[in-house]
Amino acid sequence: MHEASRREKLREIAALGVDPWGGRFDDRQWIGDIRARAAEVTYRLESGGELPLPELQAEGFDLRAWKSQHGAGTIVGPAVRAAGRIVLQRPTGKLIFLNIRDWTGDIQLFVGQKQVGEADFALAKQFDLGDIVGVDGQLGYTNTGELTIFAEKLHFLCKAVEPPPEKHHGLTDPELRQRMRYLDLIYTPGVLLRFLDRTKIVHAIRRTLAADGFVEVEGPTLHAIAGGAAARPFITHHNTLDIHLYLRIALELHLKRLLVGGMERVYELGRVYRNEGISPRHNPEFTMLEVYQAFGNYETMMELTERMILAALDAIGGGYRRPWGDAVIDFAPPFARATYDELVQQHAGVAADDHAALARLARELGFPPEGKHLDVIKSFVFEEHVEPRLTGPVFVLDYPASICPLTKRCRDNPQRAQRFELFIQGMEIANAYTELNDPDLQEELFRTQLEGLPEDESMARMDHDFVRALRHGMPPAGGLGVGIDRLVMLLTGAQSIREVILFPLLRPVD
RNA sequence: GAGGAUGUAGCUCAGUCGGUAGAGCAACGGACUUUUAAUCCGUAGGUCGCGGGUUCGAGCCCCGCCAUCCUCACCA
């Protein structure tokens, strides 16, 4: 079978006195850095003097013709050391061309029998696609103008006993791409870069927060009460205490306790878990950022949100206009701002206080409005009719107070909550409040929220300790939540959340 | 949870009307010191997702199950 010949080569490599699993390999340069040294390659004329080589990327460039034009000489370049996985191999008798890949790029190796000697050439004949090899050699160009390392010494660094995917098509089966992410990262163009961009985005966010004096903390992920959001939790059990515990569905309530405790600027960037459906925009575990700033409000958070996103874009490069599917998202600041009611008027064509018109529209959209509060009807219309039209980026301001249980009301209008959500391509990316710090009102709002829940969500409980913490005094504060996975989707052009989560949840197979 | 699509060699994919299972890449043997998905000659490789059924005969038709993808519902 396919493994047998590779295992045979493994034995033959060992028989050559080489460890087929490799070892420490110091002082090698990344292929991207080596490629950047192309300009150091020159043409040394026998008649004396050195010529720089022309731009060799040009299609159809013929180095042979160029050389005969300029007279006899040799190509000289810097000595380099590289390591990478063999992704293509073209043996032509006593000469082998290899393409190797590290996480910065690909480069061609020229391995000639005469040039590397009998021993290394015997080793090179045992190479398979997928093996990891090292090389010492001179950077130069082949006759066809391809930047190439002309090997002088080869090093074997790791055998691949399994064959790689098809060399041209790679892995296309979406199931295999997720189950074998290690192959997807190597062989699907753009995948590794996207995940590296995710890291840069998260780092840019942390840098922005650190520069503003925020501290990062780690709250508990096992909660006795799953609070801070409305979602079904995962349930687990602690043996020694013999209690049910819930994986956290939000970061909010513990971070606010820290506000009470005097951590004036605090954030957590971490995983939350929601026992809900899986879709191109939902994974059961996903990454949230929550930020709390004492003596700020939701406008403080809006300004911070915009700065973090711009810093993330700067970190990955490519400007503020980003393709996303068939659309282009324009992140050029400042992001648009509009009130909730204005957007209802604009996109639904209905005045936000016109109860009858909203009810009519809700019914048309399949939502029976009878006996429902105006804000509930409006909220339905907003979600169904307005949100999909918010291609954004747009900050939606001043939500109806009755759907915001953790939010301070607007001073001039208690029917409005000091809350914004940032929408981009119909997706909610950020959600921020001026945090409610009135303990009695908070307790009352929790209570009415719990009363409204259906039977099967009765695991939601009042968090009395949180309310007690508020009674000890939480400074007025702005709070922000950001869905990191979705933000990364938008910034990197990914159409599915599975393209930005390294190991999305899949049903296990034996 | 509902509906639709897909599942054939390690990978990417064909497979007509129900009649002996196909290609390319990868692999193996041979030729080749400037190739570019190298090329040329030859060889080998299959539980057609799993389980039933219909039929003289099933990759193909029927039933059930499994997995993945998409849409919807829940949700961010």
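Every chain is numbered from 1 and lettered A, B, ... according to where its sequence line falls, protein lines coming before strand lines.
For B:G1 and B:U8, the P atoms lie 25 Å apart once the distance is rounded to whole Å. Going from the P atom of B:G29 to that of B:U12 covers 26 Å, rounded to whole Å. Taking the P atoms as reference points, B:C62 lies 14 Å from B:U16, given to the whole Å.
Among the atoms of the strands shown, base atoms are found under 4.0 Å from some heavy atom of A:Thr92. As judged by a 4.0 angstrom heavy-atom cut-off over every strand, A:Asn283 is placed among the base-contacting residues. Across all strands, A:Gly483 comes closer than 4.0 Å to no nucleic acid atom at all (heavy-atom distances). Within 4.0 Å of A:Ile96, counting heavy atoms only, lies no atom of the nucleic acid at all. Heavy atoms of A:Phe286 sit under 4.0 angstrom from at least one base atom. Contact annotation for A:Asn431: no contact, since no heavy-atom pair falls under 4.0 Å across all strands. At a threshold of 4.0 angstrom between heavy atoms, the contacts of A:Pro91 include nucleobase atoms, whether or not backbone atoms are also involved. Heavy atoms of A:Gln178 sit under 4.0 angstrom from primed sugar atoms or phosphate atoms, though from no base atom. Contact annotation for A:Arg177: no contact, since no heavy-atom pair falls under 4.0 Å across all strands. Heavy atoms of A:Arg281 sit under 4.0 angstrom from at least one base atom. Within 4.0 Å (heavy atoms only), A:Lys167 reaches sugar-phosphate atoms of the nucleic acid but no base atom.
Considering only side-chain atoms of A:Leu506, the nucleotide from B:C28, B:U68, B:C11 that sits closest is B:U68. Taking only side-chain atoms of A:Lys94, from C-beta outward, the nucleotide of B:U33, B:A38, B:C11 with the closest atom is B:U33. Closest approach to the A:Glu146 side chain among B:C28, B:U35, B:A67 is made by B:U35 (side chain taken as heavy atoms from C-beta onward).
Taking the centre and axis of the six-membered ring of A:Tyr433, the NZ or CZ atom of A:Arg419 falls outside the cone set by 45° and 6.0 Å.
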